[in-house]
There are 2 protein chains.
Amino acid sequence: MGRPTMNDVARRAGVSLKTVSRVVNGEATVDPALAARVRAAVAALGYRPNLGASMLRRNDRRTRTIGLLLDDAGDPFSALLHRAVEDEAHPRGVHVLSGSLDDDPDRELELATAFARRHADGLILAPAAPDQGYLARELQPGTPVVFVNRPATGYRADTVLAANRSGAAAATRHLIGHGHRRIAFLGATPRFATARSRRQGYRDAMREAGLPTCEAAVPEARGPAATAALLALAEPPTALFAAEHRLTVGALRALRREGLHRRIALVGFDDLPLADLLEPALTVVAEDPAAMGRAAARALFERIEGRAGEPREITIATTLIPRGSGELAP
Amino acid sequence: MGRPTMNDVARRAGVSLKTVSRVVNGEATVDPALAARVRAAVAALGYRPNLGASMLRRNDRRTRTIGLLLDDAGDPFSALLHRAVEDEAHPRGVHVLSGSLDDDPDRELELATAFARRHADGLILAPAAPDQGYLARELQPGTPVVFVNRPATGYRADTVLAANRSGAAAATRHLIGHGHRRIAFLGATPRFATARSRRQGYRDAMREAGLPTCEAAVPEARGPAATAALLALAEPPTALFAAEHRLTVGALRALRREGLHRRIALVGFDDLPLADLLEPALTVVAEDPAAMGRAAARALFERIEGRAGEPREITIATTLIPRGSGELAP
DNA sequence: GTGAAAGCGCTAACAC
DNA sequence: GTGTTAGCGCTTTCAC
């Protein structure tokens, strides 16, 4: 009952346990005849090595597992990032254990701790909690971490971020360049640094053009209401910059409902599927979640393989994609 | 160097190793005073249990890990399914190891085998290979499997499928009900049972209405070309049923390019984000990936917890969502 | 090139 | 209640 062990294989092949271990691990120093007998026994018994046991004894102590903690595995941004991480891990024989945080600090702590107890070789984390100081306590010493999408507080490690500030400034300048002067900013509540950076980029561009700012900072679900409120102003904006994809969708719906989608310009942060098939097609500043995942995974594997030195900050460029909604005249 | 072990805690607390084990595992039969000393030592040393070691010795042999093998972690359908699985696993203290198969049989075998070597407690698999017979060899005996999204061949286990045939029939009947008689089917190459079921549903509805069928079976990337070919027929269809979401997007683009998107009716299988903001808005037969993930995970955990009996087949209903593109008159 | 003995960190079984 | 002994399945060390 239960799987056969190395011992069973050794007995059947008439060799020592250690010889089986050598064959299974592909160490060259085994007589071909013995190796063949071992392999025959492995096949006959259906022997499969137990990775948990080998990891316990092995010197390098690698589980060949990394942990990936993102906001929501079901969200397209996280999904693409996840896939990119997997694509870096797979050729290295590493598997990905993942979890969704839903902006919940407790859940971050819980999952990061759980992955540490499982001896993940490293962690990629999109911080949800206000502070990551707990990592120093909970992680196995020497376990590398890479932060992605949001900067961390209280723990220093490599960090991969989108060019939020410059991307937001580019979006705003694009609208200014098309003649707009009353450009409203629709952003998430500035709880996260990402939201603050994007607002800052908007302000940079407005200030350098000598234009007054007009900002709405709301929870992500309140996009339609916030857009409606902006449109109801005495001097309503002629253009909107929506700094989160959920707010972009909210703005789209509100403009549609008011019949203003061909009159008011709109640029969104983050690309959306089908954005090119809307009428007018949606102009966006696209992030590159796959590039972020790739960069984060590469940085993590470099650290796992021993790279030393100061934490690095890696910025992934954004791309302005003009499609129509951002080129409407005021 | 390295983490402190239970032994270190025991020494520091002046108790036996077994007492530490009892405290750490929350067994009640420990003197409160001793337990307090142990907990103090745990805190002082920063002791964290090693799950791998405990799993090796434990009787239940649970790793509290399940494997999830889907087509592509970056795809919205897989992502939502993944998230639903995670939501069932999380309250049970179980973590999810995932991998993308990209319709590659070798990759399915490789990843399923790898997860088996890691002693995952169970596996949720969207089959990519033509045969799953290898599972009998590779899995730890008694490891339950649930197939999702596609039926398996050569291995019997619980299976969760969308109502592909009846959903496709409903889509086709919807178009027939709106007066269409020349309705073309745009489907993936019938390599997978899913594609065949949808085609069958289309045929069911066409036959029961006494209408001739018109089918294009193409790789998923060839949606625009296949649509263009259908539109170029001597008697072109007045309505399209696109049986995969990538083909739906291809059809949308082709219709748009020909300026026919307000003339030719279109129903897609699988919902798309922003589908309601297109003009005309896209009518779909929506699958419910979250319900599929939930059902698969629940079935898996029931088996892990010992449920016996014949494999079950669970069908998740589809929902027709009329939005405009499917209600265009011929 | 091969094998015997030790032990990774932990829990099971059973004594005390 | 608590401790002792054995050993999960494997790799390491070191002798042969």
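In what follows, chains carry the letters A, B, and so on, assigned in the order in which the sequence lines appear, proteins first and then strands, with residues in each chain numbered from 1.
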Only counting residues at least two apart or in another chain, list the ones meeting salt bridge (charged side-chain N to carboxylate O under 4.0 Å, His left out) with B:Arg307.
B:Glu302
Whole Å only: how far is the CE atom of B:Met55 from the P atom of C:dA12?
13 Å
Output one line per pair: protein atom, nucleotide atom from nucleotides 14-16 of chain C, and distance, for all N/O pairs under 3.5 Å.
none

Please list, chain by chain and in numerical order, all residues satisfying side-chain contact (heavy atoms from CB on, under 4.5 Å) with B:Ile304, sequence neighbours excluded.
B:Arg62, B:Ile66, B:Asp121, B:Pro144, B:Leu300, B:Phe301
Euclidean distance, atom CZ of residue B:Arg48 to atom P of C:dC10 [Å, nearest integer]:
12 Å
Looking at DNA chain D, which of residues 114-122 of chain B put a heavy atom within less than 4.0 Å of it?
none
Output, in order, the C-alpha distance, side-chain angles, deciding distance and verdict of side chain to side chain contact (heavy atoms under 4.5 Å, CB included) for B:Val146 and B:Thr159.
CA-CA 6 Å; B:Val146 173; B:Thr159 302; over 6 Å; no
Quantify the bending of the helix from C:dG1-D:dC16 to C:dC16-D:dG1 as the angle between its end axes, each fitted on five pairs, to 10°.
30°
Measure CG/B:Asn7 against P/C:dC8 and give the value in whole Å, please.
8 Å
Counterpart residues, salt bridge (charged side-chain N to carboxylate O under 4.0 Å, His left out), relative to A:Asp104 (two or more places apart):
none
Without decimals, in angstroms, what is the distance between B:Asp8 CG and C:dC8 P?
11 Å
Answer with base, sugar-phosphate or nothing: what part of the nucleic acid does A:Asn25 contact at a heavy-atom distance below 4.0 Å?
sugar-phosphate
No-hydrogen, no-angle side-chain donor-acceptor test under 3.5 Å, B:Arg118 and A:His95
yes
Please walk me through it: do A:Arg117 and A:Glu138 pass side chain to side chain contact (heavy atoms under 4.5 Å, CB included)?
CA-CA 8 Å; A:Arg117 279 175 179 33; A:Glu138 299 298 337; 4.0 Å; yes
In whole angstrom, what separates B:Tyr47's OH from C:dG9's P?
10 Å
Calculate, to the nearest 0.5 Å, the distance between atoms CG and CZ belonging to B:Leu17 and B:Arg22 respectively.
10.5 Å
Mind checking salt bridge (charged side-chain N to carboxylate O under 4.0 Å, His left out) for B:Arg156 and listing every partner two or more places apart, or none if nothing turns up?
B:Glu310
From A:Gln132 CD over to A:Leu109 CG, what is the distance, rounded to the nearest 0.5 angstrom?
10.0 Å
Pairs satisfying ring-ring contact (aromatic ring centres under 6.0 Å, His included), at least one member in residues 58-85 of chain A, at least two apart
A:His82-B:His82
Atom pair CG/CG of B:Leu70 and B:Asn149 - distance to nearest 0.5 Å
8.5 Å
Distance, nearest 0.5 Å, that separates CG of A:Leu68 from OG1 of A:Thr65
13.0 Å
Please report, rounded to the nearest Å, how far the C1' atom of C:dT2 is from the CZ atom of A:Arg37.
12 Å
Can you work out whether B:Glu27 or B:Gly52 has the more 5'-proximal nearest nucleotide on DNA chain C?
B:Gly52
Taking any atom closer than 4.0 angstrom to a non-hydrogen atom of chain B, what span of DNA chain D does the protein reach, first nucleotide to last?
D:dG1 to D:dG9
Between A:Leu56 (CG) and C:dC10 (C1'), how many Å, whole number?
8 Å
Strand-adjacent residues in residues 10-18 of chain B, judged by heavy atoms under 4.0 Å from DNA chain D:
B:Val15, B:Ser16, B:Lys18
OH on B:Tyr155 to OG1 on B:Thr153, rounded to 0.5 Å
14.0 Å
Any side-chain N or O of B:Arg57 less than 4.0 Å from the OP1 or OP2 oxygen of C:dA12?
no
Does anything in residues 73-90 of chain A form a salt bridge (Lys or Arg N to Asp or Glu O under 4.0 Å)? List the pairs, not counting sequence neighbours.
A:Arg83-A:Asp87, A:Arg83-B:Asp72, A:Arg83-B:Asp102, A:Glu86-B:Arg107, A:Glu88-A:Arg92, A:Glu88-A:Arg298
The salt bridge (charged side-chain N to carboxylate O under 4.0 Å, His left out) partners of B:Arg294 (sequence neighbours excluded) come to none
Can you tell whether the side chains of B:Asp103 and B:Arg150 come within less than 4.0 Å, N to carboxylate O?
yes
Residue mapping more 5' on DNA chain D - nearest nucleotide basis, A:Arg58 or B:Arg58:
B:Arg58
